[in-house]
Number of protein chains: 2
Amino acid sequence: MTEHPRRSDARRNRARLIEAATALFDEVGVNAAAMNDIARRAGVGPGTLWRHFPDKEALTAEIVGQSLDGLATLAIELLDEPPSRDILREWVSALVRHITRYRGIATSYARAAHTGDGPLGTRCLAVEQAATELVRHARARGQARTDLTGSELIEMATAVAWVNETTAPPDTAERLLDLVFEGLRPR
Amino acid sequence: MTEHPRRSDARRNRARLIEAATALFDEVGVNAAAMNDIARRAGVGPGTLWRHFPDKEALTAEIVGQSLDGLATLAIELLDEPPSRDILREWVSALVRHITRYRGIATSYARAAHTGDGPLGTRCLAVEQAATELVRHARARGQARTDLTGSELIEMATAVAWVNETTAPPDTAERLLDLVFEGLRPR
DNA sequence: ACCTGAACACCGTTCAAGT
DNA sequence: ACCTGAACACCGTTCAAGT
């Protein structure tokens, strides 16, 4: 949890752990990446990994944290875009791409967003607030139905990302988003 | 795999295993139910469980099999219902309720339906064929957009069931289905 | 102050030894 | 023909012993 350890070997180990976890998450996904493998790859013992990150969620939050914070930032930025831009769709697409990038992270998000606890939960709350603001603007623009909420938007995006990563070929996400935005009914 | 073992003690053990698994799946969900706990609860060794069901998927398929087959049957039955009935929505609701009943089964379905292998996969293929037929009729009735496919319908239902079981209060499923059917856009 | 690595509890799965 | 239960490989996590 300590962002900047005092001793230089501790700082170096922390950097190595983050590097190893990032690489392994990219290669095999969050679920398949074993904690002990991350430690071994970083050249440290499992106890050292535990000292820096008390559980897997803390490590996950560290790795995906910047990218996740960027989604909140993106939502705020989209508020100032001209009405010709489909800000709701653009943001949801970015969210789905973010989740898909790290396979297995959809479940972590869903649970963290639900409880609001832990290092992931607090970050998810920030994203949800940004989504609420975004939905408010999209509704005013006529780009979203008037009863849609920010958390519902995130739930739908998480659901699409989950289906996309567990069952479908990787390029089905946009097609599924079409269905979610336009509905299964005839227009 | 053998449906009807010859020796009476084997048949009795099989029945006990199914009973124990059904109870434990109901209590804690499919994911949290440990194989060894199921065996202990049935009063047999883990090896006996393995002999009757070679892995957890085989056991899961046995437990949820009848209910899953019922969904294919339901889809066929709905084909003959009068056009006043919203057959697509009724069937998807039933599918979501079925998945929600056994927590943790959404992932098994998604994977099984994707590969089409194993005892679950073959059953999922039958459900998908029934869904395709149902979608065809719903499109002719004007209850579904003309480019919707059966597998897409199942993907959306699985996604909603997954969100519902991992993040949301248990009664959110119908609200999410409203969003999926009508879309996030204003009508 | 921080690291090491053996150890723990738990999971699903296997198989040699029995009856 | 079928069951038993110890054992295996693997996971995340812990902690006593070091430097």
Handout entry: Test: Glu19(B) and Arg16(B) ion pair at under 4.0 Å
Key = no

Practice task
Flag the pair Arg14(B) and Glu62(B) as a salt bridge only when some basic side-chain nitrogen lies within less than 4.0 angstrom of an acidic carboxylate oxygen.
Solution key: yes

Completion exercise
Assign each of Asn31(A) and Asp9(B) the nucleotide of DNA chain D bearing its closest heavy atom; nearer the 5' end lies the nucleotide of Asp9(B)

Counting any heavy atom closer than 4.0 Å, what does [X] reach on the DNA or RNA strands: base, sugar-phosphate only, or nothing?
{"X": "Asn13(A)", "result": "sugar-phosphate"}
{"X": "Asn36(B)", "result": "base"}
{"X": "Ala33(A)", "result": "sugar-phosphate"}

Would you mind telling me which of [options] lies closest to the side-chain atoms of [X]?
{"X": "Arg51(B)", "options": "dG12(D), dG5(D), dC2(D)", "result": "dC2(D)"}
{"X": "Met35(A)", "options": "dG12(C), dT13(D), dC3(D)", "result": "dT13(D)"}
{"X": "Ala34(B)", "options": "dC11(C), dA6(D), dT14(D)", "result": "dC11(C)"}

Handout entry: Cluster overlap Leu17(A) with Trp50(A), hydrophobic side-chain contacts below 4.5 Å
Key = no

Handout entry: Most 5' of Val30(B) and Gly43(A) on DNA chain C, judged by nearest nucleotide
Key = Gly43(A)

Exercise for the section: Please state whether the base of dA1(C) and the side chain of Arg7(A) form at least one donor-acceptor pair under 3.5 Å? Expected result: yes

Problem - Identified stems (criterion: three or more consecutive Watson-Crick or G-U pairs, under 3.5 Å), DNA chain D - result: C:4-8 with D:12-16, C:12-16 with D:4-8

Exercise for the section: Examine the side chains of Ser93(B) and Glu174(B) and answer whether a donor and an acceptor come within less than 3.5 Å of each other. Expected result: yes

Problem - Sub-6.0 Å ring centroid separation between Tyr109(A) and His98(A) - result: yes

Handout entry: side-chain N/O Trp50(A) vs dT14(D) OP1/OP2, d < 4.0 Å
Key = yes

Practice task
Using only side-chain N and O atoms of His52(A), determine if any of them is under 4.0 Å from OP1 or OP2 of dC2(C).
Solution key: no

